[in-house]
Amino acid sequence: MEAPIPLVRRLQDALDSLGQSLQLPQVAVVGGQSSGKSSVLENLVGRDFLPRGSGIVTRTPLILQLLHSTAEYGEFSHCKGKKFTDFNQIRMEIEAETCRLTGSNKGICSAPIVLQIHSPHVLNLTLVDLPGMTKVPVEDQPADIEYQIRDIIMQYICNENCLILAVVPANTDLPNSDALKLAKDVDPQGLRTFGVITKLDLMDEGTDAKEILENRFLPLRRGGGICVGYVGVVNRCQKDIDGKKDLQAALESERTFFLSHPAYRHLADRAGTPYLQQILHQQLTNHVWERLPALRSRLQALHEDAEELSQSGADDPAGRIQTFIQLVQRLGNDFGKGIEGRGNRVDTSHLSGGAKINRIFHERLPQECLKMKSDEIKLRQEIRCAIRNIRGIRTGMFTPDSAFETVVKKKISRLKEPCLQFVDMVSQELMTTARQCTSQLNSFPKLRERTENIITAAIHTHESRCREQVTLLIDIQLAYMNTKHDDFIISHYTHNANKKSAAQVTGSQGGASPAHLTVIRKGWLTIRNIGIMRGGARKYWFVLSAESLSWFKDEKETEKKFMLPLDNLRLKDVEKGFMSSKCAFAIFSTESRTVYKDYQSLELACNSQAELDSWKASLLRAGVFPENVAENGHKDLTDPQLERQVETLFSLVDSYMNIIYKTIKDLMPKTIMHLLINSVKEFIRSELLVQLCAPGDCALLMDKSPEESRRWQEVQPKQAALQEALRIIAEIDTFMRAPPPTAPGDSSWMQTTPHAAHT
């Protein structure tokens, strides 16, 4: 079973032909100039192969794929098939390719050089050697060279699949490290970062990096069985490089340094190049495991898109017809899901489709009904005007039925316009949803245009039918006033009220029972002017109707204390009592008669001014007006009988309109749903395909747009690569089911030769 890292390398090879910037797990090596990056990489490979010199030597990203094998050679992606067994030639090829990509002016380029090194002395790794950070341009480098290098580094380390290996020399101040600063910007928790401390042998005498290597100073948290933190290494100095010191001898010197140094002796099993090699291999392997689900999802999405594009671009007649039918069927399904709320993609910022229609049905329509109902002042004015116009020159004794019918019909007629507007709003939302669904036909402009035209015409047709039915619903309500409706005020209301009015006019005192009038207001009030000998002020439960003011012992209304007729009564303010916070008003008779027992007025007290104002408004509705009120042009305040009739009709109209509003709120959504929404859905599901095929030129409708034709030509060669990539992902997934590799042993670094690769 191959380890995941070579599988990822094969995956990268498979995806090279796609031109996709698929983010695969790798280790980015970041550091400043002369930080020892090149020496660290050469120690890991066990060969001298990287260009060296002053200034910026690494001017392009070098993707270094280390592969454990029995043979030792290098191979570049830009000259596949050519094997370099001489590592000096590898160095020269890197220099030549760098000059080809960047020119000879020490400039930089973001295009990477990909180098595979097969060797028995390496572990499976993928490293990216990035240009060293600099601040001052040299020779004819661009003035913004610092920012160009930073941009290239950020392209790699911002990738969540990328581990960051920050190379920091020990003889510099760690908090000032540019490598750690960049890593901190993109990985603030240090979960993707581990550091390499170089040049430990060049520190000033009496100083050491013990606190850093123990991960106590600027700690990093990258782990996986152990917390890596920082790994110390000792590279060859320039004198060793110039003297061609053997790398194997350099590793022996490194081991001796850590074993003999008093500050690092206890860290010897967690330092050195062999340990770093194993840590990199282990951490990258673990990282592949961590990122595999995201990799698989991304590859699957790419594959599905390519499959869909490939199928939609079929040029044979049978394939075009099949694609045509599938697209139309999918459009019908998507339209239904958009209306019913079963779509795969749910917008979290705006309402659309069925949600908007639901809002029209159950928010906008009730709000419009409430708005029409809430204008009580205007309704009373209309009732008052209707009563007086119906009376004409006569003096009215009874409440005219025709006034009720006139006012109700006028209010019902006002419902027609908003109801038709709701039909228009639903129709527009259906068109919007249809346009969103037809956007998936952008690859076939002719098909999309004809589809939109047919659906729009169908929506207009069904909208017209729906408008006719809504108009009919309003006309039906206007045709007959059903005052026997179960929810309407009891039918003897008007009969008893008129009967009492007639008895009062003729002077009859017998046989007339009090009218069962609609209650205008109920609540607790305190009668303030009861004598002290009779118990003082008391609180009673008051009930105000259009004919009388009654009060009871409590709110259960089982024991009535008194009923005061409202004829010829007026209202006036009363000052607050001494040491009292209650607000008071008084009711008195304009005929100087007593209103309650032997009292000329009835003083009532409330708990607040707001409650007082509310009771005054309720008494005004019942025809009890303030004293010394002048006539209003539309309201005869001297005619309490008219005001009682107005209140009677107001209650009746309000009750009947509540029935109408309830009916409209119930029938409108049902009508629109049946005649418009369901009809359009059914048309798209069953008739759209027939109408599209009717002219007989279906093949012409499937002509692709120029952009789609280009995309289809591009996707053909990618199919095999994507299938291969998915197969490799399946192999990695199989490897994941095996137990993960163990952490490196404490003494593993002490082996004389580099470790063999894990297999």
Side-chain angles (χ1 to χ4, degrees), residues 23 25-41 55-64 106 108-110 112 127-138 141-200 202-204 207-223 227-233 235 271 276 279-280 283-284 287:
Q23 298 178 335
Q26 55 195 3
V27 179
V29 184
V30 183
Q33 288 187 39
S34 303
S35 61
K37 288 194 299 95
S38 297
S39 296
V40 169
L41 293 174
I56 303 177
V57 178
T58 304
R59 292 185 285 131
T60 65
L62 174 64
I63 298 178
L64 187 60
K106 297 290 185 179
I108 64 171
C109 177
S110 60
L127 303 166
V128 183
D129 185 19
L130 295 169
M133 289 172 285
T134 185
K135 297 186 181 297
V136 181
V138 298
Q141 286 179 340
D144 63 342
I145 188 70
E146 175 187 358
Y147 302 103
Q148 290 186 25
I149 293 175
R150 177 186 171 90
D151 289 343
I152 292 176
I153 294 174
M154 295 297 282
Q155 289 176 15
Y156 285 87
I157 66 176
C158 287
N159 175 5
E160 290 293 330
N161 287 342
C162 182
L163 296 178
I164 305 169
L165 181 64
V167 180
V168 183
N171 56 357
T172 61
D173 192 10
L174 190 66
N176 294 328
S177 167
D178 291 332
L180 286 178
K181 183 179 184 303
L182 285 181
K184 188 73 171 177
D185 290 342
V186 299
D187 182 29
Q189 301 299 321
L191 300 179
R192 292 191 289 121
T193 305
F194 45 98
V196 174
I197 306 300
T198 62
K199 303 185 180 181
L200 291 167
L202 301 181
M203 296 186 70
D204 294 337
T207 62
D208 59 61
K210 175 182 176 182
E211 189 176 4
I212 297 173
L213 294 178
E214 290 176 349
N215 204 27
R216 292 187 288 114
F217 185 68
L218 295 179
L220 300 174
R221 296 176 176 81
R222 177 65 196 175
C227 182
V228 178
Y230 298 87
V231 178
V233 297
N235 299 322
L276 176 62
I279 281 294
L280 288 173
Q283 292 299 316
L284 186 56
H287 199 54

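Owing to the predicted nature of the structure, the values given are computational and were not obtained by experimental measurement. Side chains are part of it too, since the values below use all heavy atoms of this structure and drop only hydrogens, waters and symmetry mates.
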So, do [X] and [Y] sit near enough that their side-chain heavy atoms are less than 4.5 Å apart?
X    : Y    : value
V168 : I212 : no
L284 : L280 : no
V196 : Y230 : no
C162 : Q26  : yes

Where is the tightest heavy-atom contact between [X] and [Y], given as atom of each residue plus distance?
X    : Y    : result
P169 : T198 : CA-OG1, 3.4 Å
I164 : A183 : CG2-CB, 4.0 Å
L180 : S177 : N-OG, 3.3 Å
I149 : G132 : CD1-O, 3.5 Å
K37  : V30  : CD-C, 3.8 Å
V231 : L276 : CG1-CB, 4.1 Å

Salt bridge (Lys or Arg N to Asp or Glu O under 4.0 Å) involving D185 - partner list, sequence neighbours excluded: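 Counting only residues at least two positions away or on another chain, D185 forms a salt bridge (Lys or Arg N to Asp or Glu O under 4.0 Å) with R150, K181.
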[X] side, atom [atom1]; [Y] side, atom [atom2] - distance, nearest 0.5 Å:
X    : Y    : atom1 : atom2 : value
D187 : L220 : CG    : CG    : 8.5 Å
I152 : I157 : CD1   : CD1   : 12.5 Å
K210 : R216 : NZ    : CZ    : 7.0 Å
Q283 : I279 : CD    : CD1   : 5.5 Å
T207 : L200 : OG1   : CG    : 10.0 Å
T172 : L174 : OG1   : CG    : 7.5 Å

Residue pair M133, L182: steps toward the side-chain contact (heavy atoms from CB on, under 4.5 Å) verdict: CA-CA 10 Å; M133 289 172 285; L182 285 181; 3.3 Å; yes
Step-by-step side-chain contact (heavy atoms from CB on, under 4.5 Å) determination, V29 to V40: CA-CA 10 Å; V29 184; V40 169; 6.0 Å; no
